[in-house]
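Before any comments, here is the structure.
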Number of protein chains: 2
Amino acid sequence: MIEIALLEKYNVVRKHYKKLEIIFEKDHLATHYYQIVSGAVKMNNYNDDGREFIQGIFYANQSFGEPPLFLDRTYPANAEAVEDSEILCISKVNFLKLISENPKVSISIIEILAHRLHYKSVMAAEISTHDSEHRLLQLFDYSISYLNFKKDNNGYAIDLTRQQMGDLTGLRVETVIRTIKTLEKKGELKIINRKVYR
Amino acid sequence: MIEIALLEKYNVVRKHYKKLEIIFEKDHLATHYYQIVSGAVKMNNYNDDGREFIQGIFYANQSFGEPPLFLDRTYPANAEAVEDSEILCISKVNFLKLISENPKVSISIIEILAHRLHYKSVMAAEISTHDSEHRLLQLFDYSISYLNFKKDNNGYAIDLTRQQMGDLTGLRVETVIRTIKTLEKKGELKIINRKVYR
DNA sequence: ACTCCTTTATGATGTATGTCATAAAACATT
DNA sequence: AATGTTTTATGACATACATCATAAAGGAGT
């Protein structure tokens, strides 16, 4: 996250996206830096037969879609608002100018990318194992520590639909439903009012 | 890759690792920055029943294992030499000093991480589809453009064993062997003297 | 030429997850 | 209250990939 005061020195624009609205599309060139003020955004892919894979979900104060700004490559995934969202945008040139003029920001960009790479590494190893229980537990634990999920007296509430859990782990909804039920029986998590707690 | 001349100003040490030798282990704290002079290194995970997943293979002039240097986290995977290798190391403090004193280097670190994140995103979407043909073709095409595989008159030579292909895509050797044979029949690649060309 | 080890190969069988069908529960909208 | 939509749920069946067993081909070292 870059300080808003700093972004304002580089021609920031505040945009509003409705739920389901597309922010950018896979295979397009990166033109802007995006930082979420409120709402939530998912980055996803669809394979040939329409199946979705969610690369990640981003919330307030997080940025997304930066990597292609530094490469001569297009976006590897789409970005779509999962809720009505308010997003700050600055153009690629202004963003790169900001970075070069503020070395401290580049360190924080490194940290953000390092963090995200860490998530990808953990999930990649997990997804490759073909073990639905592991995949889901890993997703939950990582989401709890990486995202700001709240803890109440039942534990951490996993604020994701079964469908989203599936799309984040490469599993089908039915498999997710069945797996979290066996995980509940094993005492790994709780399901209260259809909500998952860990 | 950071210029060797620059590394030398920050107490670089040149180390030799034999094939199969471990450079660092999963869950350990990051203490050094590593850059390969010659040889090759793989980063991998083993799951509970000993199955391997290769996060990536790195070659001459590439660095690896930087992300945890910027986070208060341990390595998400092991690093192991796949060939006898010569590697430059500098300590974490010296590395962070180098970065802060050389803003241009931090930009190149960003580019490296962005690049790697791009690879992870592409492969994650692919692996989640559960389609062995797609996974392997994606691996080959990405390896060709990202790594420096050479092209000869048969096409690009994929310099990976069947086992490595499997470990990089989360597939078993037998599945890799069978899949690349059907891909050959479909004309997607060539197999000459057991070597894969694309 | 011989031995050892790695890599590639192939067939038989098992199984976890996917697929398809169907529906109840929860929630939103009118 | 009535209606429509999303989310969760459950069963029957199919299938791609894993697993296991076995072996041939190739390379490295003596």
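Throughout, a chain's letter reflects where its sequence line sits, starting with A, and its residues are numbered from 1.
Atom CG in B:Asn193 sits roughly 17 Å away from atom P in C:dT7 (whole-Å rounding). Residue B:Leu183 contributes atom CG, which lies 16 Å from atom C1' of C:dA9 at whole-angstrom precision. As a whole-Å value, the separation of B:Gln163 CD from C:dC5 P is 18 Å. The distance between atom CD1 of A:Ile158 and atom P of D:dT7, rounded to the nearest whole Å, is 18 Å. Distance, A:Met165 CE to D:dT8 P: 7 Å, rounded to whole Å. Rounded to whole angstrom, the span from the CZ atom of B:Arg162 across to the C1' atom of C:dA9 amounts to 10 Å. Remark: C1' of D:dT6 and CD of A:Glu52 are 15 Å apart, rounded to the nearest angstrom. Taking atom CG of A:Asp167 as the reference point, atom P of D:dT6 lies 15 Å away to the nearest angstrom.
Between C:dT17 and A:Ser132, a contact under 4.0 Å exists linking OP1 or OP2 to a side-chain N or O. A sub-4.0 Å separation between OP1 or OP2 of D:dT19 and a side-chain N or O of B:Arg172 is present. For the OP1/OP2 pair of C:dA25 and a distance below 4.0 Å, the side-chain nitrogens and oxygens of A:Arg194 include no atom meeting the criterion. Contact annotation: B:Lys181 reaches the phosphate of C:dT10 (side-chain N/O to OP1 or OP2, under 4.0 Å).
Within 4.0 Å of A:Gly170, counting heavy atoms only, lie sugar-phosphate atoms of the nucleic acid but no base atom.
Looking only at distances, no side-chain donor or acceptor of B:Glu101 sits under 3.5 Å from a matching main-chain atom of B:Leu98. Between the side chain of B:Asn78 and the backbone N or O of B:Asn44, at least one donor-acceptor pair lies under 3.5 Å. Judged purely by atom type and a 3.5 angstrom limit, B:Asn102 has no side-chain atom pairing as donor or acceptor with the backbone of B:Val105.
For the side chain to side chain contact (heavy atoms under 4.5 Å, CB included) criterion with B:Leu136, the lone passing option out of B:Asp141, B:Leu189, B:Thr169 is B:Thr169.
Taking B:Phe95 as the reference, B:Tyr33, B:Phe70 meet the ring-ring contact (aromatic ring centres under 6.0 Å, His included) condition, with sequence neighbours excluded.
Mapping A:Leu171 and B:Ile180 onto DNA chain C via the closest heavy atom, the residue that lands nearer the 5' end is B:Ile180.
Distances were taken from every side-chain heavy atom of B:Glu174 (C-beta onward) to each of C:dT10, C:dT17, D:dT10; the shortest belongs to C:dT10.
Between the base of C:dG11 and the side chain of B:Arg178 there is a donor-acceptor pair shorter than 3.5 Å. Between the side chain of A:Arg51 and the base of C:dG18 there is no donor-acceptor pair of N/O atoms closer than 3.5 Å.
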